[in-house]
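What follows is a single structure, written as structure tokens, with notes after it.
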Amino acid sequence: MKIQKIKGFTDLFPDEAAKFTFLEARAREVFFRYGFGELRTPLLEHTELFAKSIGEDTDVVGKEMFTFPDRKGRLLTLRPEATAGVMRAFIEGGDWQPGQVRKYCTFGPMFRYERPQKGRQRQFHQINAEILGAHEPQADAELILMLCAFLQDVGLTRLSVELNSLGCRECRPLFRKALSDFFAGLDQTGLCEDCRRRVETNPLRVLDCKVPACRELTRDAPTLGAHICGCCREHFDTVKSLLDAAKVAYTLNPRLVRGLDYYQRTAFEITSGEIGAQTAVAGGGRYDGLVQSLGGPDVPGVGFACGMERLALLLAQCPQYRPDFYLAVLDGRAVDQALLLAQGLRGHGLSGEVSYAAGSMKSQLRRANKSGARLALIIGSEEYDKGLVLVKDMEGAGDQRAVSRERLLSMTAVSGAEGLLVAALPERSEE
RNA sequence: GUGAGUGUAGCUCAGUUGGUAGAGUCCCAGAUUGUGGCUCUGGUUGCCGUGGGUUCAAGUCCCAUCACUCACCCCA
């Protein structure tokens with residue numbers, strides 16, 4: 001029987017993988033401008049880390065984790081998100097002193113045992129950023145601005161930013177109570193099956209339901225705005241005014257709720273209507289208190305996660321790098337020499353492939369064409385005997401001329417790939 | 001976990017009321033003795049997802065199973 005990949009796990013062949021490396025490279029570049037350093041944490045953690053940080057009652061912890069015992073019976077879990085691991089690492093070895101701010105970004109695979117669909121795999125990849133030690137709303141704003149800068153940098157427009165405040169430890173319980181009271185006085189038979197359950201488990205989620213009937217029924221539900229405390233309001237107002245001043249458009253969505261328990265105050269999401277039913281491209285918010293709840297110091301934090309598969313769906317194409325040459329061999333005597341010539345050219349910073357076996361001019365040029373190389377370098381019997389290489393421009397009319405191997409190497413030594421182009425110009429023919 | 005849809009050539013897909021499998025593309029060769037792309041000509045490729053059933057006969061009908069896709073739930 002043929003062995004096949006595990007459901008929800010995918011192979012990324014070069015064309016697709018290129019999008020991921022491109023996204024990661026751009027993110028690193030942009031984030032570093034904001035003073036972020038990369039933090040690489042393990043894929044595997046003790047299960048209780050996620051249970052404690054994400055929340056025992058969340059779907060992620062309740063039914064979506066890849067959890068299994070190790071050889072000594074200890075429960076381990078493949079990380080379903082990055083923040084928990086970053087917090088653990090920060091507490092363990094972060095070398096943090098009160099008053100300091102730490103900024104970490106992290107990249108890599110996450111694992112959730114869900115049914116795969118468009119924009120959702122069991123192994124998926126996230127770009128993460130966290131700011132630790134800053135309680136100021138300026139940190140929230142800068143983080144959102146950085147995320148937007150990154151998305152713009154990779155050429156993604158037509159995204160919307162949604163913003164909300166979830167309140168803090170002080171005011172959220174009051175709001176939750178008000179919501180519960182509202183539902184208690186409501187004819188719940190009109191709600192969808194899921195929402196009737198949510199009323200009990202997590203009333204905030206009912207506000208996030210997509211079913212029109214539910215939206216209608218909850219239209220007059222209390223909003224956080226009426227219950228938010230003064231501190232939270234001031235914090236939120238500063239975030240909004242900074243975004244306004246930076247000319248970042250956003251939509252206030254009082255129904256935006258985050259799926260992980262640790263979020264409070266600022267919550268945001270970047271969405272797209274072009275990637276199927278899963279519209280969230282990135283999401284994040286503030287999580288003051290998380291570090292402390294994991295046994296660390298009382299350090300505030302803000303962060304976001306960005307789904308790379310979903311970005312890749314939106315990324316029509318990323319910059320393609322074309323090779324400089326394809327070294328074609330027409331005479332079996334020349335294959336070894338060709339390989340060494342290619343090696344020399346690469347030593348001068350050029351990129352390109354060399355044929356391992358001799359072939360007809362037609363088939364060799366076909367390969368050169370397919371490789372996308374700007375220039376074909378051809379060694380046939382004639383060239384081999386004279387120590388020459390035919391340099392052919394694969395664009396336009398296909399200008400070509402023969403130069404010696406030594407000259408080719410010296411030209412590329414001085415001017416790199418430009419040297420090859422110059423060598424192909426017919427008007428400066430050597431002979 | 002729930003629902004719907006789809007499995008036929010490397011890829012995208014046709015395949016009639018059941019009658020022994022097709023197109024496009026890709027790849028290879030030639031037209032053009034050592035010149036790619038465009039055009040034309042020729043050529044290769046199939047456990048019709050798997051297992052059972054009905055039938056003289058199944059790619060086609062029935063059952064099961066596996067895989068994939070989309071959606072729900074939930075999330076990035």
Side-chain angles (χ1 to χ4, degrees), chain A residues 1-2 4-8 10 23 54 57-65 80-83 107-129 147 151 159 192-195 197-198 201-202 205 208-211 256-260 263 268-272 275-285 303-314 326 328-331 358-384 390-400 402:
Chain A
M1 202 178 107
K2 194 168 60 179
Q4 22 183 246
K5 59 181 173 290
I6 299 169
K7 183 199 285 286
T10 48
L23 289 170
I54 299 171
D57 297 328
T58 59
D59 280 24
V60 171
V61 171
K63 53 185 188 186
E64 295 175 359
M65 297 204 302
E81 56 103 42
T83 304
F107 308 87
M110 309 294 157
F111 305 84
R112 288 184 202 174
Y113 197 95
E114 298 180 275
R115 197 76 170 265
Q117 73 185 70
K118 191 177 177 75
R120 192 171 71 187
Q121 283 79 42
R122 288 184 176 181
Q123 176 179 331
F124 60 103
H125 299 77
Q126 285 189 339
I127 294 171
N128 273 261
L147 176 56
L151 293 169
L159 296 170
C192 72
E193 200 181 320
D194 293 314
C195 281
R197 193 195 68 235
R198 290 183 186 120
T201 57
N202 192 347
R205 291 221 139 272
D208 202 28
C209 186
K210 289 170 199 151
V211 178
L256 175 66
V257 173
R258 308 261 69 235
L260 313 179
Y263 286 111
F268 57 92
E269 206 163 271
I270 312 283
T271 58
S272 165
I275 52 173
Q278 308 299 320
T279 57
V281 161
F304 67 75
C306 188
M308 294 184 70
E309 279 77 5
R310 293 180 188 178
L311 289 184
L313 283 174
L314 288 164
Y326 182 89
V329 184
L330 311 182
D331 186 320
S360 69
M361 178 68 99
K362 183 195 282 283
S363 70
Q364 291 283 296
L365 278 184
R366 253 205 281 258
R367 284 192 208 179
N369 190 51
K370 243 168 256 157
S371 82
R374 177 64 204 268
L375 296 148
L377 308 178
I378 304 163
I379 304 181
S381 307
E382 229 174 277
E383 290 79 15
Y384 179 77
L390 198 55
V391 180
K392 176 183 169 72
D393 188 343
M394 295 298 283
E395 280 181 8
D399 294 341
Q400 65 182 51

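Residue numbering restarts at 1 for every chain, and letters A, B, ... go by the order of the sequence lines. Note that these values count all heavy atoms, side chains included, but never hydrogens, waters or copies made by symmetry.
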Determine the interatomic distance between P on B:rG46 and the same-named atom on B:rG22; round to the nearest Å. 13 Å

Per-nucleotide protein contact string for nucleotides 24-36 of chain B (B base, S sugar-phosphate only, - none; heavy atom under 4.0 Å): ---SSS----BBB

Does the pair A:Asp331 and A:Ile379 meet the rule for a side-chain contact (heavy atoms from CB on, under 4.5 Å), with working shown? CA-CA 7 Å; A:Asp331 186 320; A:Ile379 304 181; over 6 Å; no

Would you confirm whether A:Arg310, through its side chain, and A:Val281, through its main-chain N or O, come within 3.5 Å as a donor-acceptor pair? no

Can you give me the closest heavy-atom contact between A:Tyr326 and A:Ala373, atom names plus distance? N-CB, 3.6 Å

Taking atom P in both B:rC72 and B:rU60, compute the distance separating them and give it to the nearest angstrom. 33 Å

Distance, rounded to the nearest Å, where A:Ile270 contributes CD1 and B:rC75 contributes P: 18 Å

Between A:Leu147 (CG) and B:rA76 (P), how many Å, whole number? 13 Å

Intra- and inter-strand pairs of RNA chain B in dot-bracket (Watson-Crick or G-U wobble, both distances under 3.5 Å; | for another strand): (((((((..((((.....[..)))).(((((.......))))).....(((((..]....))))))))))))....

With heavy atoms under 4.0 Å as the rule, sort A:Ala305 into base, sugar-phosphate or nothing. sugar-phosphate

What distance, rounded to whole Å, do you find between the two P atoms, one in B:rU41 and one in B:rG19? 32 Å

Could you give the distance separating B:rG10 and B:rU45 at their P atoms, to the nearest angstrom? 11 Å

Using a 4.0 Å cut-off on protein heavy atoms (strictly under), produce a 5'-to-3' string for nucleotides 2-11 of chain B with B for base contact, S for backbone-only sugar-phosphate contact, and - for none. BB--------

Could you give the distance separating B:rC61 and B:rC68 at their P atoms, to the nearest angstrom? 24 Å

Check whether the side chain of A:Glu114 and the base of B:rC75 form a donor-acceptor pair under 3.5 Å. no

Take the protein atom CG of A:Leu256 and the nucleotide atom P of B:rA76, then report the distance between them rounded to whole Å. 10 Å

Verify the contact: side-chain N or O of A:Gln4 to OP1 or OP2 of B:rC66, cut-off strictly under 4.0 Å; return yes or no. no

Separation between CG of A:Leu147 and CZ of A:Phe268, rounded to the nearest 0.5 Å: 6.0 Å

Quick one: is A:Gln117 getting a side-chain N or O under 4.0 Å of the B:rC72 phosphate, OP1 or OP2? yes

Result of checking A:Gln278, A:His125, A:Gln126 against A:Glu309 for side-chain contact (heavy atoms from CB on, under 4.5 Å): A:His125

Does the distance from a Lys or Arg side-chain N to an Asp or Glu carboxylate O, for A:Arg374 and A:Asp393, drop under 4.0 Å? yes

side-chain contact (heavy atoms from CB on, under 4.5 Å) evaluation trace for A:Lys392 with A:Ile378: CA-CA 8 Å; A:Lys392 176 183 169 72; A:Ile378 304 163; 4.3 Å; yes

In whole Å, I'd like the distance from the NZ atom of A:Lys63 to the P atom of B:rC73. 11 Å

Do A:Glu81 and A:Asn128 have side chains that approach each other closer than 4.5 Å (heavy atoms only, starting at C-beta)? no

Checking A:Thr10 now: which residues fulfil side-chain hydrogen bond (donor to acceptor under 3.5 Å, both in side chains) with it, not counting sequence neighbours? none

How long is the line joining NE2 of A:His125 and C1' of B:rC75, in whole Å? 17 Å

Please report, rounded to the nearest Å, how far the C1' atom of B:rA67 is from the CZ atom of A:Arg122. 13 Å

So, taking the atom named CG in A:Leu377 and the one named CG in A:Leu390, what distance separates them when rounded to the nearest 0.5 Å? 9.0 Å

Sorted by chain and residue number, the side chain to side chain contact (heavy atoms under 4.5 Å, CB included) partners of A:Glu114 (sequence neighbours excluded) come out as A:Glu64, A:Arg112, A:Arg120

CD1-OG1 distance between A:Ile54 and A:Thr83, expressed to the nearest 0.5 angstrom: 8.5 Å

Rounded to the nearest 0.5 Å, what separation is found between the CZ atom of A:Arg122 and the CZ atom of A:Phe111? 13.0 Å

How do A:Pro116 and A:Arg310 order along RNA chain B: which one's closest nucleotide is nearer the 5' end? A:Pro116

A:Gln121 (side chain) donor-acceptor with A:Pro116 (main chain) under 3.5 angstrom: no

Distance, rounded to the nearest Å, where A:Glu309 contributes CD and B:rC75 contributes P: 18 Å

Base, sugar-phosphate, or nothing: which does A:Gly284 touch, judged by heavy atoms less than 4.0 Å apart? nothing

Would you list the protein and nucleotides 38-44 of chain B atom pairs, both N or O, that sit under 3.5 Å from each other?
none

To the nearest 0.5 Å, what is the distance between CG on A:Leu330 and CD on A:Glu383? 7.0 Å

Between C1' on B:rC73 and CZ on A:Arg120, what's the gap in Å once rounded to a whole number? 8 Å

If I pick the C1' atom on B:rA29 and the same atom on B:rC70, what distance separates them, to the nearest angstrom? 43 Å

A:Lys5 or A:Thr279, whichever maps to the more 5' nucleotide of RNA chain B: A:Lys5

If we take the P atom in both B:rA67 and B:rC62, what is their distance in whole Å? 22 Å

Can you tell me how far apart SG (A:Cys306) and CG (A:Leu23) are? Round to the nearest 0.5 Å. 8.0 Å

Separation of the C1' atoms in B:rG30 and B:rU35, to the nearest angstrom: 16 Å

